[in-house]
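Heads up, the thing below is written out as C-alpha cells.
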Amino acid sequence: MRKGFAGMAQVSYPFAVGRIKVLETRLLDSGKWARLREANREDAVRLLAESGYGGGKPGVKTDADALIRTETEETRRVIAELSPEPAWTDLFLLPTDAHNIKALYKGKVLGQDVSHLLVEGGTIPAELLRICIENGEYSMLPAAFGAVLEKGDYPDLLHFSAAVDRAVFEHIRTVLKKKKNPLLSRYFSAQVDFTNVLSALRAASLRWDGGKLEAVLLPGGTIPEETFPAALGIQPAMLPEALAKGEFSSAIGRVLGEYVQAGDITQAEQRFTEERIALLKDGDDSTFSIGPIACYLMQRETEARELRVLFAQKL
C-alpha cells in the first residue's frame, strides 16, 4: 500500500545499512536503562526526553506514552524511507495495520470513537483504514485483510482478532512467494512457531479447551498442529518436551525451560522476541541484506514495549 516518495531514487543497501549503524547508537544502553529504572516516573520521563527520545517535539516531553508513540512512529517512518526493498520491510509494519484494523472494527461494533487508539507507521494510512471500515469498502486493502473484513460474522472480538492475525501471515506468505527471501521466510516461520507456543501457554493458564486454542493458532509454522492441543492439561515441567518441536526446537526449548522455572508468560514473550532478533542478526549481516534494517526496527519495537512496562510499573 505504501508508495515511494515521488522523484526519490532507490536507496542502496550500503547506504541504508550505514544509516542503520548510526541510528543503532541511539538505542538505550544499559546505563540509561539503569537510570530510568532507578528514577521516579517524572524524572524518568525527563531523562528519556533529554536522551533525545521522542525527537524533542513540543508537548510530548512530559508524557511517557507520547514520547514512546512519537519515537516508534518516527522509527517506522525512517525504515519506510530507508528500505531498499519496501516489499520486505513492509512485512514488519503489518502488526501496526493489524492493530488499527482491530481497533476500528471494535469501534464500529461497539459504536465507540477509537481515533485515540490509532497509530501511524503501518503500510496503510490509519485514515484510509478508517474510511474503508466505516464504509465497508475494502478493495484498496490487501486481499487477506479485505477477506477478513468482508466476512463480518464473527462470534466475538477474540475470533475477529485471531482472523486478522492469520491474515497478516497469509499476506506475508503471498509476498514472499512473489519476492523470495530465505532469511525472512525462516524468520516469519519462527515467529509463527513462537506465537503458537505462547498461545498454548496462555490457553493452558486460562484452562481453554482445544477448540478455543485452535481458533487462535496461526498457520505456516514448522510445529505439527496436533502438538498444541496435546500440550493442554499437562504438567508445566513437561512443556519443553511437549512443545519444543519443529525447525526452531532449540530456541523453544531454551525459552520454555526458563518459563518452567519462572512461570512468567510476559518474560517468555520477551525471550521469544530476543530469539527472533537473534535469527535476523545471525542470518546475514552483510551490507546487501535486509537483515540489519529489519533487526533495527525489531530492536526499537522491543525497546518501546519494555519502556511501556517500565512506566506502567511507576504509576
Side-chain angles (χ1 to χ4, degrees), residues 1-2 65 68-80 83 85-107 114 117-130 132-133 141-149 157-158 160-176 181 184-185 187-199 202 216-221 265-266 268-277 279-280 290 293-309:
M1 289 295 301
R2 181 174 55 76
D65 290 338
I68 297 167
R69 183 184 182 117
T70 300
E71 185 70 25
T72 301
E73 290 183 350
E74 175 63 12
T75 298
R76 293 168 183 164
R77 185 193 66 78
V78 168
I79 292 296
S83 176
E85 299 284 355
W88 287 338
T89 46
D90 277 359
L91 301 180
F92 291 85
L93 304 179
L94 290 170
T96 302
D97 297 328
H99 164 84
N100 288 338
I101 289 171
K102 292 174 186 179
L104 287 162
Y105 181 85
K106 180 179 179 180
V114 296
L117 298 177
L118 304 182
V119 293
E120 295 298 341
T123 68
I124 311 167
E127 177 63 12
L128 175 59
L129 270 176
R130 184 190 65 77
C132 289
I133 291 175
L141 306 182
F145 289 143
V148 168
L149 290 164
L157 291 174
L158 173 66
F160 175 76
S161 178
V164 174
D165 292 338
R166 286 193 294 272
V168 166
F169 286 92
E170 181 181 338
H171 182 67
I172 288 170
R173 288 193 299 274
T174 298
V175 171
L176 290 178
N181 184 302
L184 295 189
S185 292
Y187 170 86
F188 286 112
S189 290
Q191 185 174 3
V192 170
D193 281 352
F194 297 165
T195 301
N196 285 341
V197 168
L198 286 167
S199 293
R202 293 192 180 96
V216 301
L217 292 176
L218 299 172
I265 292 181
T266 300
E269 185 174 13
Q270 292 171 343
R271 284 287 292 110
F272 275 129
T273 299
E274 292 168 6
E275 293 287 351
R276 285 160 51 204
I277 291 172
L279 278 172
L280 288 174
I290 206 70
I293 302 167
C295 188
Y296 173 70
L297 175 61
M298 284 291 301
Q299 288 173 304
R300 273 301 199 190
E301 299 278 343
T302 301
E303 183 179 76
R305 282 194 296 273
E306 292 177 356
L307 282 169
R308 290 190 180 97
V309 171

Legend entry - Flag, side chain of His99 to backbone of Gly122, donor-acceptor distance under 3.5 Å: no

Inset, instruction - Kindly compute the distance separating CG (Leu91) from CG (Leu297), expressed to the nearest 0.5 Å. - result: 11.0 Å

Legend entry - Residues Glu274, Arg271: salt bridge by 4.0 Å N-O rule: yes

Inset, instruction - For residues Phe188 and Phe194, establish whether the separation of their ring centroids is below 6.0 Å. - result: no

Inset, instruction - Go through Arg77 and Glu120 one step at a time and tell me if the salt bridge (Lys or Arg N to Asp or Glu O under 4.0 Å) criterion holds. - result: CA-CA 9 Å; Arg77 185 193 66 78; Glu120 295 298 341; over 6 Å; no

Legend entry - Val119 backbone acceptor or donor facing Asn100 side chain under 3.5 Å: yes

Inset, instruction - Please round to the nearest 0.5 Å and tell me the distance separating atom CG of Leu129 and atom CG of Leu104. - result: 6.5 Å

Inset, instruction - Using a strict 4.0 Å threshold on nitrogen-to-oxygen distance, state whether Glu170 and Arg166 make a salt bridge. - result: no

Inset, instruction - Examine distances only and state if a side-chain atom of Asp90 and a backbone atom of Thr123 form a donor-acceptor pair shorter than 3.5 Å. - result: no

Legend entry - side-chain hydrogen bond (donor to acceptor under 3.5 Å, both in side chains) assessment of Thr96 paired with Arg76: CA-CA 10 Å; Thr96 302; Arg76 293 168 183 164; 3.2 Å; yes

Legend entry - Salt-bridge criterion met for Asp97 and Lys102 (N-O under 4.0 Å): no

Inset, instruction - For the pair Glu269 and Arg202, evaluate salt bridge (Lys or Arg N to Asp or Glu O under 4.0 Å) and give the outcome as yes or no after the intermediate values. - result: CA-CA 11 Å; Glu269 185 174 13; Arg202 293 192 180 96; 3.3 Å; yes

Legend entry - Any donor-acceptor N/O pair, Ser83 side chain to Ile79 backbone, under 3.5 Å: no

